[in-house]
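These values consider heavy atoms only, across backbone and side chains, with no hydrogens, waters or symmetry-generated copies.
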Amino acid sequence: MLGNMMQQPLLISHLIEHAAKYHADTPIISRENNGQIITTNWFEVQKNSKRLANALSSFDLSQGDRLATIAWNNHRHLESWYAISGSGYVCHTINPRLFPEQLVFIINDAQDKVIFFDSTFVPLITAIHDKVPSVEWFICYGPYDEKIVQALPNVIFYDELIQAQSDQFTWPQLSEETASSLCYTSGTTGNPKGVLYSHRSSLLHAMAICFPDSLALSANDTVMPVVPMFHVNAWGIPYAAAMVGASFVLPGPNLDGDSLIDLIDGCQVTVALGVPTIWQGLLTAAKKRGSTLASMKRNVVGGAACPPSIIREFKNTYHCDTIHAWGMTETSPVGTVNQSKAKHHSLNAEEFEKLRLTQGRPPFGVDLRIVDADNHNAPLLHDGHTQGNLQVRGAWIIERYFNQENSALTDDGWFDTGDIATIDADGYMTICDRAKDLIKSGGEWISSVEIENIAVGHPEIKMAAAIAAHHPKWGERPILIVVKEENSHLNEDHVRAYFENKIARWQIPDAVLFVDALPMNGAGKIVKAELRKKFNDVLLSNAAI
């Protein structure tokens, strides 16, 4: 027997219709490439998305065609998201920070028909223009600009394109399993791989991150995704903000600490989301400027393990709750969020902080396990101590990569994340390391994440990366590559001494190397493969070690 309830597919077009109907005048604040602040609202975003949908209907496009965007977080980018997916096309967000060769590979692999781009990226578009034969239309976000025409004679300007269109459009009623958006992995090794999301998976993910036990978003919030819209769909926040009708702040291209403080204080941002390096820059700027970040109630950190020092400073200095989250492109991305339970209220300060340093527990819709990879994926205990390969399954988890026939899952239907983790009895998961980044010294494992978290707690260390270096006796030993804060006089002895009583002595790095910058990929993560290639043999060349 079936239930007697209405059947309504979960579609992205329903999100923008809901926001426009019930949160019409809720402001959306967008900082343009030139620094100008434009204020619009959910109703205007809906109207412009319909204007663009009408324009796209005159193009020679078919349902499922990929339409790419190369743009910062701004209101035009947001409008086109809803127009593309709502019309039955696939919104393919492209990370402009990737190498040109990777960009060309991604566009050709996706067979994009259209590329929308910010004026910032005109040089990039001109460089790849002749290498992406599937692209028939190049659309520049913004008004007519003669200089851009000189560089790209066939360019279409977004403002002109939608200006002549009606804001009346009937969204097609699609199957909720229809593909909605496409993101590629950051490609630290080999070519990036595509992850194709559906309308259903995207809406279920948006619902889950709005839960009080998740990111707790509501119409009372002013939300600022510092994480770019080209990085796993800004963690689904543009969908979630429309779902709850939150005020929305889109920070544009300038993500330095001072620029973010201007928006946080000026727009009264209550929730912001970004990677650890963003928060390090923000805290440094806030201290210099004397900003109290008074409106900020919580910030969400993902993309890499958050150093404990950042969580402490936000809480103790700015009364802002830092929420640790974990995920990846293949998980849409949110897989866990660190929210406490009622029973944790009785913990003392030290115990509670230890809990908050984990990556958290999965929301409904996601399941986790750790396995022994050397024993046919045998499940391991969730005791908070046993380490294993982290695997995940759920309603918004990848089944296979775009353009690949083979499943990405294990034989029993789990996705192996490549992380080494522990899970406790309450489901709180802690990332110990990436499997490829663990350091094996004399048969014992050392976590590079733990070393890095201690290092960046030093007030004179800006960034740090721990890697394994070859050792004639122990096989591998940890070394630490450090970027110092401005005007720092740190030396190797100072750094090694800082580790005393914070970690077992045999886990203290054998060498500390100072560099001006660490290699970063397009998602803002440190590329340790490059560091290993450069520094693998540094201990072999030092006879004293």
Heavy-atom closest pair, residues L78 and P238: CD1-CB, 3.8 Å

Between K50 and E17, does any NZ, NE, NH1 or NH2 come within less than 4.0 Å of an OD or OE carboxylate oxygen? yes

Side chain of Q339, backbone of S214: donor and acceptor closer than 3.5 Å? yes

Report the C-alpha distance between Q391 and V371 in whole Å, list the side-chain angles of each, state the deciding distance to 0.1 Å, and finish with yes or no for side chain to side chain contact (heavy atoms under 4.5 Å, CB included). CA-CA 7 Å; Q391 297 182 345; V371 302; 3.5 Å; yes

Examine H18 together with H23 and report whether their ring centres are nearer than 6.0 Å. yes

Would you say the side-chain atoms of D419 and W326 include a donor-acceptor pair closer than 3.5 Å? yes

If only side-chain N and O atoms count, and only distance matters, is there a donor-acceptor pair under 3.5 Å linking N233 with S181? yes

Side chain of D372, backbone of A378: donor and acceptor closer than 3.5 Å? no

N299 and T322: side chain donor to acceptor below 3.5 Å: yes

Checking Y239 now: which residues fulfil side-chain hydrogen bond (donor to acceptor under 3.5 Å, both in side chains) with it, not counting sequence neighbours? none

Report yes if the side chains of L217 and V271 come closer than 4.5 Å at any heavy-atom pair, otherwise no. yes

Between the side chain of H77 and the main-chain N/O of W72, is any donor-acceptor distance below 3.5 Å? yes

Within 6.0 Å of CG in D60, more than 12 heavy atoms from elsewhere: no

Does any donor atom in the side chain of T69 or H92 lie under 3.5 Å from an acceptor atom in the other side chain? no

Is there side-chain contact between I237 and V223, with at least one heavy-atom pair below 4.5 Å? yes

Is it the case that the side chains of Q102 and Y184 hold a donor-acceptor pair, with the cut-off being a distance below 3.5 Å and no angle test? no

Do any N or O atoms from the side chain of T417 and from the backbone of L390 form a donor-acceptor pair under 3.5 angstrom? yes

Has R400 got a side-chain atom pairing as donor or acceptor with Q404's backbone, closer than 3.5 angstrom? yes

Within-4.5 Å side-chain heavy-atom neighbours: L124 and L103: yes

Could you tell me whether N375 atom CG has more than 12 heavy atoms of other residues or ligands within 6.0 Å of it? yes

Is N406 atom CG crowded by more than 12 heavy atoms from other residues, nucleotides or ligands, each under 6.0 Å away? no

Of all residues at least two apart in sequence or in a different chain, which pass the side-chain hydrogen bond (donor to acceptor under 3.5 Å, both in side chains) check with N4? none

With rounding to the nearest 0.5 Å, note down the distance linking CG in N33 to OG in S119. 4.5 Å

Specify the closest pair of heavy atoms between L250 and P225, including all atoms of both residues, with the distance to one decimal. CD2-CG, 4.4 Å

Could you name each residue pair satisfying ring-ring contact (aromatic ring centres under 6.0 Å, His included) that touches residues 385-404, not counting sequence neighbours? H205-W396

Heavy-atom distance under 4.5 Å between the side chains of V135 and I107, does that happen here? yes

Carefully, step by step, assess T329 and K193 under the rule side chain to side chain contact (heavy atoms under 4.5 Å, CB included). CA-CA 10 Å; T329 306; K193 292 180 286 189; over 6 Å; no

For D383 and T386, indicate whether the former's side chain and the latter's backbone hold a donor-acceptor pair under 3.5 Å. yes

By ring-ring contact (aromatic ring centres under 6.0 Å, His included) - contacts of F116 (at least two apart): Y141

For I431 and M429: C-alpha separation, side-chain torsions, deciding distance, then whether side chain to side chain contact (heavy atoms under 4.5 Å, CB included) applies. CA-CA 7 Å; I431 297 290; M429 185 269 292; 3.5 Å; yes

To the nearest 0.5 angstrom, please state how far the CD1 atom of I310 sits from the NE2 atom of H324. 9.0 Å

Can you check whether S198's main-chain N or O pairs, donor with acceptor, with S202's side chain at less than 3.5 Å? yes

If you measure from OG on S87 to CG on N54, what distance do you get to the nearest 0.5 Å? 8.5 Å

State, without any angle test, whether T410 and N377 hold a side-chain donor-acceptor pair at a distance under 3.5 Å. no

Enclosure of K131 NZ (heavy-atom neighbours >12, cutoff 6.0 Å): no

Worked verdict on T430 versus Q359 for side chain to side chain contact (heavy atoms under 4.5 Å, CB included): CA-CA 5 Å; T430 302; Q359 275 65 48; 4.1 Å; yes

Do D437 and R532 make a side-chain contact, defined as non-hydrogen atoms from C-beta onward lying under 4.5 Å apart? yes

Does the pair R298/D221 count as a salt bridge with the N-to-O cut at 4.0 Å? yes

Hey, are R66 and D112 close enough for a salt bridge, meaning a charged N less than 4.0 Å from a carboxylate O? no

Could you pull out all residues at least two apart from E399 that satisfy side-chain hydrogen bond (donor to acceptor under 3.5 Å, both in side chains)? S407

Between R76 and D159, does at least one N-O distance fall below 4.0 Å, as a salt bridge requires? yes

I526 side, atom CD1; M463 side, atom CE - distance, nearest 0.5 Å: 4.0 Å

For the residue pair S30 and N74, confirm or rule out a side-chain donor-acceptor distance under 3.5 Å. no

First locate atom SG of C140, then atom CZ of F117, and finally report the distance between them rounded to the nearest 0.5 Å. 4.5 Å

Can a donor-acceptor pair be found, under 3.5 Å and without considering hydrogens, that links the side chain of E176 to the backbone of P9? no

Non-hydrogen side-chain atoms of H199 and S85 separated by less than 4.5 Å: yes

In sequence, state the C-alpha distance, the side-chain angles, and the governing distance for S448 and K528, and then conclude on side-chain hydrogen bond (donor to acceptor under 3.5 Å, both in side chains). CA-CA 11 Å; S448 68; K528 290 190 176 181; 2.9 Å; yes

Just by modelled atom types, is the Y197 backbone N or O under 3.5 Å from a matching donor or acceptor in the S201 side chain? no

Would a distance-only check, ignoring hydrogens and angles, find a side-chain to backbone donor-acceptor pair under 3.5 Å from R477 to A468? no

Between OG of S80 and CD1 of I139, what distance do you get to the nearest 0.5 Å? 9.0 Å

M224 side chain reached by P251 side chain, heavy atoms, under 4.5 Å: yes

Of the options D424, D426, D213, which is the one that meets R361 in a salt bridge (Lys or Arg N to Asp or Glu O under 4.0 Å)? D213

Do I479 and I467 come close enough that some side-chain heavy atom pair is under 4.5 Å? yes

Apply salt bridge (charged side-chain N to carboxylate O under 4.0 Å, His left out) to the pair D416 and R369, showing each step before the final yes or no. CA-CA 10 Å; D416 195 300; R369 73 177 184 181; over 6 Å; no

Residues two or more places apart in sequence or in another chain: which of them pass ring-ring contact (aromatic ring centres under 6.0 Å, His included) with F59? W137

